[in-house]
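Numbers for residues simply follow the sequence, beginning at 1. From a predicted model like this one, the values you see are computed outputs, not experimental measurements.
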Amino acid sequence: MIKKITRAELEDMNRRPLGKKHAVRIAIEQLQPGEIITIDRTDFKWKGHTPKLICNQITKKTKVTFLVSWLADKSGWIVERVAEQEAEEDNMESKEPETA
């Protein structure tokens, strides 16, 4: 339905400009090393996708690493920004040759 509103009603409304970043992406990008956030399913409704998609995109562009996991009751996700030193250690462990 199309409805005319007054300037005062406009100022009371929550809005964001078209073409701007998703609120979840902004929250993830603002994480500092070691910080952790939870994201509720009501905040992220992309069918067939999880916040891991956003984290992978950010990692590809900036080399900042995240750990993403489900909440146990599957009501949302936990996103942790990994400290750069920890990310390097994880990479070194995965590159070590296996000895039999």
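Following chains of ILVMFWY side-chain contacts shorter than 4.5 Å, one cannot reach Val79 starting from Ile26, and the two form parts of different hydrophobic clusters. Under a hydrophobic-cluster definition in which Ile, Leu, Val, Met, Phe, Trp and Tyr are linked whenever side-chain heavy atoms come within less than 4.5 Å, directly or via other members, Trp70 and Val24 are assigned to the same cluster.
Ala83 and Pro33 get closest at one heavy-atom pair: CA-CB, 3.9 Å. Contact record, Pro51 with Trp77: CD-CD2, 3.4 Å, taken as the closest heavy-atom pair. The two residues Lys74 and Arg41 make their nearest non-hydrogen contact at O-CD, 3.0 Å. Considering every non-hydrogen atom in both Lys4 and Glu9, the closest pair reads O-OE1, 4.4 Å. Heavy atoms only, all atoms of each residue included: Leu67 and Val82 are closest at CG-CG2, 3.5 Å. Closest of all the heavy-atom pairs between Lys52 and Phe66 is NZ-O, 4.4 Å.
Summarising the geometry, atom CD belonging to Glu80 is positioned 9.5 Å from atom CG belonging to Leu31; distances are rounded to the nearest 0.5 Å. With rounding to the nearest 0.5 Å, the separation of CD1 in Ile39 from CD1 in Ile28 is 4.0 Å. The distance from the CD1 atom of Ile58 to the CZ atom of Arg25 is 5.0 Å, given to the nearest 0.5 Å. Expressed to the nearest 0.5 Å, how far CD1 of Ile36 lies from CD1 of Ile78 amounts to 8.0 Å. A distance of 12.5 Å separates NE2 in His22 from CD in Glu29, rounded to the nearest 0.5 Å. In this structure, CE in Met13 is found 11.5 Å from CD in Glu11, a value given to the nearest 0.5 Å.
In this pair, Trp46 and Phe44 present their aromatic rings tilted. The plane angle is within the 30 to 60° band.
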